[in-house]
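Here's the structure, in structure tokens; my notes come after.
Atom set for the values below is all heavy atoms of this structure, side chains included, hydrogens, waters and symmetry mates excluded. Start at 1 and go down the list; that is how both ligands and their atoms are numbered.
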Amino acid sequence: MEPKYIFVTGGVTSSLGKGIICSSLGLLLATRGLRVTIQKLDPYINVDPGTMNPYEHGEVYVTDDGAETDLDLGHYERFLNIPTSQENNVTTGRIYYDVISKERKGAYLGQTVQVIPHITDEIKSRVKSIGESGKYDIIIVEIGGTVGDIEGLPYIEAMRQLRYDVGRENTVSIHLTLVPYLKAAGELKTKPTQHSVKTIYELGMQPDILVCRAEMELDHSIRRKIAQFCNVENEDVIASLDAKSIYEVPLLMKKEELDRRVLKKLHIRAGRPRLTDWSRFVHAVSYPDHRIKIALVGKYVDHQDAYLSIVESFKHAGAANNCEIDIVWTSSDLLDARNVGDRLGDVSGILVAPGFGARGVDGKLAAISYARENRIPFFGICLGMQCALIEYTRNVCGWKDSDSTEFNADTAYPVVDLMLEQKSIDDKGGTMRLGAFDCRLEKGSFAQKAYGENLISERHRHRYELNNQFKDQLVENGLRITGVNPDRDLVEIIEIPDHPWFVGVQFHPELKSTVKKPHPLFVDFVKASFEHASQNKTLLSNHSQKKPQTA
Ligand code: GLN
């Protein structure tokens with residue numbers, strides 16, 4: 001079968017949930033037996049989001065091959081349970097960078113290099129190269145931003161051309177819009193959708209299917225009206241109603257038959273969508289028997305997209321433990337040794353988040369001391385693990401000014417130090433230790449028991465590491481090193497064995513948790529937190545609605 005392309009654009013406003021619609025459609029098609037991938041085209045000029053701060057961009061999602069990418073790729077992986085890679089995220093910065101590099105090498109000798117055709121050709125080649133890899137039947141292409149944005153124009157033009165290049169019958173164009181409810185008029189309004197479709201028409205693209213985000217059901221007359229004004233069939237007006245959880249969206253899209261309409265237009269016959277396991281998961285998320293509080297300590301807690309994969313990992317692990325996780329968002333800036341007991345007194349687990357820079361580190365250290373001394377399950381990720389090392393060496397080993405050289409270059413105890421190869425690097429973009437690396441686990445450790453394996457592979461994004469010069473002394477002082485990268489002897493996991501559950505990891509387990517495969521460390525951390533809650537009588541009352549009989 002020739003590869004088929006589904007182009008997904010958005011109109012009226014941002015935040016309509018394009019990434020979730022793409023993921024949901026991808027899942028529906030994949031469960032029908034098709035090989036699906038999703039590619040995100042981002043119209044900003046950064047080469048990748050790695051240099052943006054979380055307020056600008058939310059979480060930076062890292063792939064196995066070490067690409068720093070948009071957080072939507074996390075949704076793609078969590079829904080489809082297949083890894084993405086560098087080719088799944090294209091930015092304007094990357095496109096221009098490559099075109100200009102080629103120009104310097106003389107690839108366009110004699111020509112004026114222009115947006116059309118050179119930039120648009122480069123965009124098309126990125127999309128087509130996934131299609132031509134032979135790995136997928138369907139490539140869903142999500143175009144970031146909103147139609148009409150100046151910076152998005154080359155992408156829409158490239159899609160317009162692609163529809164002819166690969167044949168109209170091999171493409172579908174889906175446009176997401178908003179159908180707002182006007183309280184004063186007591187009506188859903190279709191005009192913004194009509195305008196949005198008009199804008200995309202002016203750019204030469206005709207949407208085949210409209211996915212209309214709305215707060216309430218679109219009745220037949222509204223659907224008819226939208227169809228009529230926007231030149232699509234009635235059945236191609238799909239309602240995307242607000243859902244309690246993003247994981248319900250595939251079920252809603254199945255009900256609206258989005259996948260069936262897409263397959264019809266692509267002339268593909270495929271099996272039926274199978275969502276039994278997915279429905280079971282949604283049921284487990286919606287109606288857990290238990291509820292516990294876990295603190296997430298970080299400096300971006302007022303901007304929760306910064307920790308998106310951690311939040312989603314908790315949902316997966318919660319479902320696996322029949323337990324809802326009430327995340328207690330705890331700003332590390334506001335935490336200190338005096339108030340930590342008040343702020344974290346009723347939590348059953350403490351997670352200290354990844355991060356960069358000295359701000360908030362003291363608060364993280366206070367949270368870690370509290371977890372260690374009060375035997376509360378503790379999970380430290382990346383900077384969270386490095387902080388656990390600092391806390392342990394200061395307060396257990398008694399090395400008073402131990403630190404990471406990221407925060408204090410002159411410390412007598414640089415227990416966390418810049419990795420050797422980082423010392424000669426000045427550029428900031430794409431230069432960290434990025435992507436998947438192996439890690440060998442110590443038998444009988446918390447980690448090895450959680451994974452049930454001896455060799456794992458996890459994704460990284462950091463410049464600093466545990467300083468191996470202190471390894472023996474740390475072990476003598478009771479810390480256990482339970483995960484090491486076999487190729488370079490880098491410490492990847494530390495644990496305190498005499499504790500109910502105390503694990504710090506240098507990698508980012510949250511980037512590999514999916515609905516189908518909840519991450520073992522999150523599952524085990526939630527289990528330990530649940531046990532802590534049961535023993536300390538801090539189980540919360542379950543506030544989910546009455547459980548229906550069947551899933
Ligand atoms: N700032 C630390 C480092 O670069 C931790 C990074 C992180 O938490 N992702 O090593």
Side-chain angles (χ1 to χ4, degrees), residues 48-64 66-69 71 74 296-301 303 305-311 313 332-333 350-365 367-368 378-391 393 402-409 411 414-437 439 458-468 470 483 485 488 490-494 503-513 519 521:
D48 61 43
T51 53
M52 290 187 227
N53 78 35
Y55 292 113
E56 281 293 316
H57 187 269
E59 168 184 273
V60 173
Y61 190 79
V62 180
T63 57
D64 277 335
E68 296 179 282
T69 71
L71 50 73
L296 194 160
V297 182
K299 63 179 172 180
Y300 298 111
V301 293
H303 195 72
D305 263 3
Y307 305 115
L308 186 61
S309 291
I310 294 178
V311 174
S313 299
S332 48
D333 284 335
I350 296 175
L351 183 146
V352 174
F356 295 83
R359 178 163 75 81
V361 164
D362 288 343
K364 290 180 176 172
L365 297 179
I368 296 165
F378 166 79
F379 196 8
I381 300 182
C382 208
L383 180 62
M385 175 252 201
Q386 297 173 357
C387 286
L389 257 174
I390 298 170
E391 196 282 329
T393 48
S402 82
D403 218 326
S404 164
T405 52
E406 182 176 2
F407 319 129
N408 175 9
T411 168
V415 290
V416 178
D417 196 12
L418 200 58
M419 306 177 79
L420 196 61
E421 75 272 16
Q422 289 288 333
K423 296 193 174 165
S424 55
I425 294 176
D426 290 326
D427 284 2
K428 293 286 180 245
T431 55
M432 287 190 236
R433 178 176 181 233
L434 290 167
F437 296 96
C439 172
E458 292 284 359
R459 299 181 190 169
H460 296 67
R461 182 172 188 253
H462 62 116
R463 294 188 202 282
Y464 292 80
E465 61 166 336
L466 182 146
N467 186 342
N468 274 348
F470 294 97
N485 171 262
R488 297 183 46 198
L490 300 176
V491 173
E492 308 279 28
I493 310 179
I494 57 166
V503 178
V505 294
Q506 184 56 77
F507 48 80
H508 290 267
E510 73 276 19
L511 303 178
K512 282 187 62 171
S513 188
H519 196 284
L521 287 178

Closer than 3.5 angstrom, by distance alone: can the side chain of Asp305 be matched with the main-chain N or O of Leu308 as a donor-acceptor pair? no
Please confirm whether the backbone N or O of Leu511 pairs with a side-chain atom of Tyr61, one donor and one acceptor, at under 3.5 Å? yes
Between the candidates Ser404, Gly384, Cys382, which shows the shortest non-hydrogen contact distance to atom 7 (C) of ligand 1? Cys382
Nearest non-hydrogen atom to atom 5 (C) of ligand 1 belongs to which of Ala358, Gly380, Gly355, Pro354? Gly355
Students should be able to answer this: which protein heavy-atom is nearest to [atom], and at what distance?
| atom | value |
| --- | --- |
| atom 10 (O) of ligand 1 | Tyr464 N, 2.8 Å |
| atom 4 (O) of ligand 1 | Arg463 N, 3.0 Å |
| atom 1 (N) of ligand 1 | Glu406 OE1, 2.8 Å |

Between Glu421 and Arg488, is the salt bridge (Lys or Arg N to Asp or Glu O under 4.0 Å) condition met? List the steps. CA-CA 12 Å; Glu421 75 272 16; Arg488 297 183 46 198; 2.8 Å; yes
Considering all heavy atoms, the nearest Pro414-Thr405 contact: CB-CG2, 3.7 Å
According to the interplanar angle, ranging from 0 to 90°, do the rings of Phe507 and His460 count as parallel (below 30°), tilted (30 to 60°) or perpendicular (above 60°)? perpendicular
Please work out whether any backbone atom (N, CA, C, O) or any side-chain heavy atom from C-beta onward of His508 is under 4.0 Å from ligand 1, and answer side chain, backbone, both or neither. side chain
At a non-hydrogen distance cut-off of under 4.0 Å, which region of Gln386 contacts ligand 1 (side chain, backbone, both, or neither)? side chain
Can you see whether Ser332 engages Arg359 through a side-chain donor-acceptor pair at a distance of less than 3.5 angstrom? no
Close N or O approach (Leu383, ligand 1; < 3.5 Å): yes
Between Arg433 and Glu492, is there a salt bridge with N-O shorter than 4.0 Å? yes
Atoms of ligand 1, numbered as shown, that sit under 4.0 Å from any heavy atom of Arg461: 6 (C), 7 (C), 9 (N)
